[in-house]
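Values reported hereafter were calculated over all heavy atoms of this structure, with side chains retained and with hydrogens, waters and symmetry mates removed. Counting begins at 1 with the first residue of the sequence.
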Amino acid sequence: AERTYIMVKPDGVQRGLVGEIIARFEKRGFKLIALKLEHATKEHLEKHYADLKDKPFFPGLIKYMASGPVVAMVWEGLDAVKTGRVMLGATNPLASAPGTIRGDYALAVGRNICHGSDSVESAEKEIALWFPEGVIQHTMASAEWVFE
Ligand code: GTP
Ligand code: MG
């Protein structure tokens with residue numbers, strides 16, 4: 001099954017939105033296979049956002065992401081990468097549809113409370129970066145009621 005890397009950013013943690021974000025992925029039917037709270041170093045975050053290193057907002061992005069702990073997670077299920085992005089909503093919360101996480105809880109692009117992998121390739125890289133120890137493979141009792 002497909003896997004995606006989902007992260008509650010420092011503003012999401014400080015605003016008490018961890019449970020809400022986890023609940024949405026759980027209720028949708030995805031399976032949680034890795035989870036931890038981590039106060040990431042700038043070096044680690046620079047690797048995570050390496051593709052954006054030439055953007056003008058990059059230094060601010062790294063500072064924001066290093067400003068407090070994040071909740072790192074891996075979720076597994078049908079079309080997890082694309083569906084995860086749809087659940088997060090557009091990058092700029094001003095354009096995020098109501099009903100999405102950003103569309104319901106955020107206003108500013110530089111404080112958009114959550115991250116989701118943008119492709120299966122990125123997901124594999126991000127999961128290896130954040131969970132070098134690996135993920136937990138298990139079977140959920142609900143699987144046969146979620147998948148055909
Ligand atoms: P992530 O899930 O965090 O990777 O967001 P994304 O894939 O929707 O967007 P992208 O990877 O292009 O940008 C990463 C993050 O950088 C965004 O989530 C924003 O927090 C931030 N960002 C992107 N564009 C801008 C911008 O124009 N200004 C500012 N201040 N931040 C931006
Ligand atoms: Mg991105």
Item to check | Glu124 and Arg3: CA distance, side-chain angles, deciding distance, side chain to side chain contact (heavy atoms under 4.5 Å, CB included) verdict | outcome: CA-CA 8 Å; Glu124 282 168 6; Arg3 294 170 176 182; over 6 Å; no
Next on the checklist: Checking Phe30 against Met140 for the side chain to side chain contact (heavy atoms under 4.5 Å, CB included) test, could you report, in this order, the C-alpha distance in whole Å, the side-chain angles of both residues, the deciding distance, and whether it holds?
Outcome noted: CA-CA 10 Å; Phe30 288 111; Met140 271 202 315; over 6 Å; no
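Distance OG/Ser96 to CG/Leu88: 8.5 Å, rounded to 0.5 Å. Taking CG from Asn112 and CZ from Arg102, the interatomic distance works out to 4.0 Å, rounded to the nearest 0.5 Å. Note: Lys9 NZ to Leu17 CG = 13.5 Å, rounded to the nearest 0.5 Å. One distance of note links CD of Glu76 with CD of Glu2; it measures 10.0 Å at 0.5 Å rounding. In this structure, the separation between OH on Tyr49 and CD1 on Ile62 is 8.0 Å, given to the nearest 0.5 Å.
Both Met65 and Phe131 are assigned to one and the same hydrophobic cluster, defined by single-linkage of ILVMFWY side chains at heavy-atom distances under 4.5 Å.
When every heavy atom of Ile22 is checked against every heavy atom of Trp75, the shortest pair comes out as O-CH2, 3.8 Å. Between Val135 and Ile33, the shortest heavy-atom contact is CB-O, 3.4 Å. Closest approach of Ala40 and Leu45 over heavy atoms only: CB-CG, 3.8 Å. When all heavy atoms of Val8 and Met73 are compared, the closest pair comes out as CG2-CE, 3.7 Å. Nearest heavy atoms, Arg24 versus Met87: O-CE, 3.5 Å. The two atoms that bring Ala97 and Thr100 nearest to each other are O-OG1, 2.6 Å, heavy atoms only.
In this structure the side chain of His115 never reaches within 4.5 angstrom of the side chain of Ile6, judged on heavy atoms. Within the 4.5 Å cutoff, the side chain of Val71 has no heavy atoms near those of the Met7 side chain. Side-chain contact between Glu133 and Lys36 is present, with heavy atoms from C-beta onward closer than 4.5 Å. Val74 has its side chain out of reach of Thr4: every pair of non-hydrogen atoms, C-beta onward, lies at least 4.5 Å apart. Glu38 is listed as a side-chain neighbour of His44, based on a closest heavy-atom distance under 4.5 Å.
Between Trp130 and His48, the two ring planes are perpendicular [angle over 60°; tilted spans 30° to 60°].
Residues Asp79 and Thr83 have side chains that never bring a donor and an acceptor to within less than 3.5 angstrom of each other. Using a 3.5 Å distance cut-off with no hydrogens or angles, the side chains of Glu20 and Tyr105 do pair a donor with an acceptor.
The backbone N or O of Pro98 lies less than 3.5 Å from no partner atom in the side chain of Asp104, so there is not a single donor-acceptor pair. Counting only distance, with no hydrogens or angles, the side chain of Ser117 and the backbone of Tyr5 share a donor-acceptor pair below 3.5 Å.
Salt bridge absent: Asp118 and Lys82 never bring a charged side-chain N and a carboxylate O closer than 4.0 Å.
Atom CG of Leu78 is surrounded by 12 or fewer heavy atoms from other residues, nucleotides or ligands within 6.0 Å. Within a 6.0 Å radius of CG in Leu52, more than 12 heavy atoms belonging to other residues, nucleotides or ligands are found. Open room surrounds NZ on Lys63; 12 or fewer heavy atoms of other groups in view lie less than 6.0 Å from it. Counting heavy-atom neighbours within 6.0 Å of Ile136 CD1, excluding the residue itself, gives a total of 12 or less. Summarising the local packing, CD of Gln137 is surrounded by 12 or fewer heavy atoms from other residues, nucleotides or ligands at distances under 6.0 Å.
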